[in-house]
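Structure, as structure tokens:
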Amino acid sequence: MNATVNSAERAVLDWLAQRQVAMVELIEALVNIDSGSADKSGVDAVGERIIRFLGDHGIRCDVIPSERYGNALRARVGGGPGRPIVLMGHRDTVFPRGEAERRRFHVADGRGHGPGCADMKSGLVMNAFVLAALQACSGAAGPVVGLFTGDEEIGSPFSRPVIESEARNARAVFNAEPGRPGGKVVIGRKGGLFMWLDVTGKAAHAGASPADGISAIEEIAHKIIALHALADPAKGITLNVGTVAGGQTVNTVAPSARAEFDLRFVRHADRDTAMAAIERIVATHHLAGATARLAVIAEFLPLVQSAGSKQLYEHYVACTQTLGLEVEGIHTGGCADSGFAASVGAPTLCATGPTGARAHSPEEYVEIASLVPRAQTLALAIMRLDRG
Ligand SMILES: [Zn+2]
């Protein structure tokens with residue numbers, strides 16, 4: 001370790017260095033609780049476990065209750081009136097109830113496995129341990145806030161305003177999504193919308209009186225072709241109709257049809273242009289009498305690297321170098337809560353969590369050896385930002 005680490009920093013780094021086993025134990029506890037986004041009781045059970053851990057380390061946690069989704073938790077370490085440094089993480093996963101029973105957390109070949117182990121229960125654990133280390137060693141000069149939210153995988157319908165209001169005042173935001181193989185962090189993310197399109201036509205006998213019908217399937221087919229034509233790979237705009245459903249029976253003119261699709265974009269301006277084009281497609285009818293309705297299911301804002309976010313990234317890189325580590329910043333088409341933080345102007349860095357991969361799949365894993373170094377890097381970045 002670099003000799004430039006001072007004694008206050010060393011105390012925090014040493015505290016974390018001794019906690020790998022405890023971190024794995026807490027990851028195991030969290031992974032073995034099912035917490036799909038729609039499973040409020042499961043997401044809140046994960047929250048209770050985190051509240052208990054923080055409480056055991058002298059950290060109070062406020063609960064911001066949600067009726068429908070997992071509650072948002074807000075923990076705070078370090079005093080003073082200063083602007084906070086915010087650590088973010090989400091407790092929900094994409095997996096159904098029963099998955100944790102089928103695939104219990106286990107470690108094999110240096111990797112932890114189990115639903116949500118990388119995305120992002122290890123990140124939650126890392127943030128909680130960093131808060132605990134700062135508390136135990138009085139390492140935080142200014143306020144450090146930990147947000148543990150419960151609905152990221154579905155676009156944070158409840159947590160978004162909580163994140164935005166916290167981020168608006170933040171000096172820096174670190175989102176503990178999994179670090180990419182090799183320890184890479186994420187400096188740019190696409191924004192995205194999930195939408196559905198409903199088309200209504202009119203049923204009629206397909207053989208006896210087809211002219212009395214209006215085929216919702218024919219209408220939606222035209223619309224799907226037009227929607228796919230909006231993709232512009234050179235600009236980083238993608239549009240994919242991922243599901244279609246419709247019709248009644250093979251011998252009936254289809255009275256209804258639905259398509260679900262996913263739009264992604266790099267720049268805020270491209271969102272508005274694409275949405276205007278989508279609205280036009282929805283309003284343009286190929287068959288007289290067909291009607292269409294569009295709804296947004298979820299929305300994520302892009303993580304666009306501002307000057308402040310670039311500085312934060314460079315600061316983080318300098319801290320990894322102090323610890324003898326290496327890190328690189330990458331862009332990804334995946335969406336996350338960091339886009340909401342960055343979009344209100346907070347200097348934001350994403351994927352600072354323990355290294356992992358294959359999120360949303362049964363092959364998901366987290367590198368156990370990355371738990372302590374990632375926590376140490378984050379803690380050092382916080383302490384040096386506090387002083388800087
Ligand atoms: Zn995630």
Side-chain angles (χ1 to χ4, degrees), residues 26-27 30-31 33-39 42-43 46-47 50 69-70 72-73 86-96 99-100 103 105 112-128 146-160 162-163 166-167 173-181 183-194 262 264 297-303 330-343 348-367 370-371 374-375 378:
L26 187 55
I27 293 168
L30 300 191
V31 168
I33 303 170
D34 280 314
S35 62
S37 306
D39 181 357
V43 176
V46 172
I50 292 169
Y69 304 105
L73 310 181
V86 178
L87 312 183
M88 297 205 309
H90 65 84
R91 313 192 306 277
D92 60 320
T93 72
V94 295
F95 298 104
E99 190 78 2
R103 296 196 287 119
F105 178 82
H113 301 268
C117 64
D119 184 14
M120 57 181 290
K121 288 175 172 172
S122 296
L124 297 174
V125 168
M126 180 194 76
N127 281 355
L147 284 184
F148 302 86
T149 57
D151 53 354
E152 189 267 356
E153 298 289 359
I154 52 169
S156 300
F158 173 72
S159 304
R160 178 176 171 176
V162 176
I163 291 165
E166 209 62 56
V173 174
F174 295 97
N175 192 24
E177 288 282 345
R180 302 309 195 254
K184 296 182 178 74
V185 292
V186 169
I187 55 175
R189 283 184 182 274
K190 287 187 179 180
L193 289 103
F194 302 158
D262 169 321
R264 308 260 168 145
I297 307 166
E299 171 156 21
F300 291 89
L301 298 183
L303 173 59
I330 60 158
H331 293 256
T332 168
C335 300
D337 280 335
S338 46
F340 296 132
S343 296
T348 303
L349 186 63
C350 197
T352 55
T355 303
R358 308 298 308 273
H360 300 198
S361 86
E363 291 80 39
E364 178 180 11
Y365 67 84
V366 60
E367 301 278 7
S370 74
L371 298 176
R374 295 292 268 195
L378 178 61

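Ligands are counted one by one from 1 in listed order, and the atoms in each one are counted from 1 as well. Residue indices begin at 1 and follow the sequence shown. These numbers were taken from a predicted model, which means no experiment stands behind them.
Neighbours of the Zn ion (ligand 1) restricted to protein N, O or S atoms under 2.8 Å: the count is 4.
Taking the side chain to side chain donor-acceptor pair (under 3.5 Å) definition, one finds that Ser35 meets it with Lys121, sequence neighbours left out. Partners of Asp119 by side chain to side chain donor-acceptor pair (under 3.5 Å), not counting sequence neighbours, listed by chain and number: His90, His360. Arg91 is linked by a side chain to side chain donor-acceptor pair (under 3.5 Å) to Asp44, counting only residues two or more places apart in sequence or in another chain.
Here the OG-CD1 distance, from Ser159 to Ile154, works out to 9.0 Å after rounding to the nearest 0.5 Å.
Shown are Asp151, Asp337, Thr149, Leu301; of these, the side chain to side chain contact (heavy atoms under 4.5 Å, CB included) with Arg160 is made only by Leu301.
Panel note: side chain Arg374, backbone Gly353; a donor-acceptor pair is recorded below 3.5 Å.
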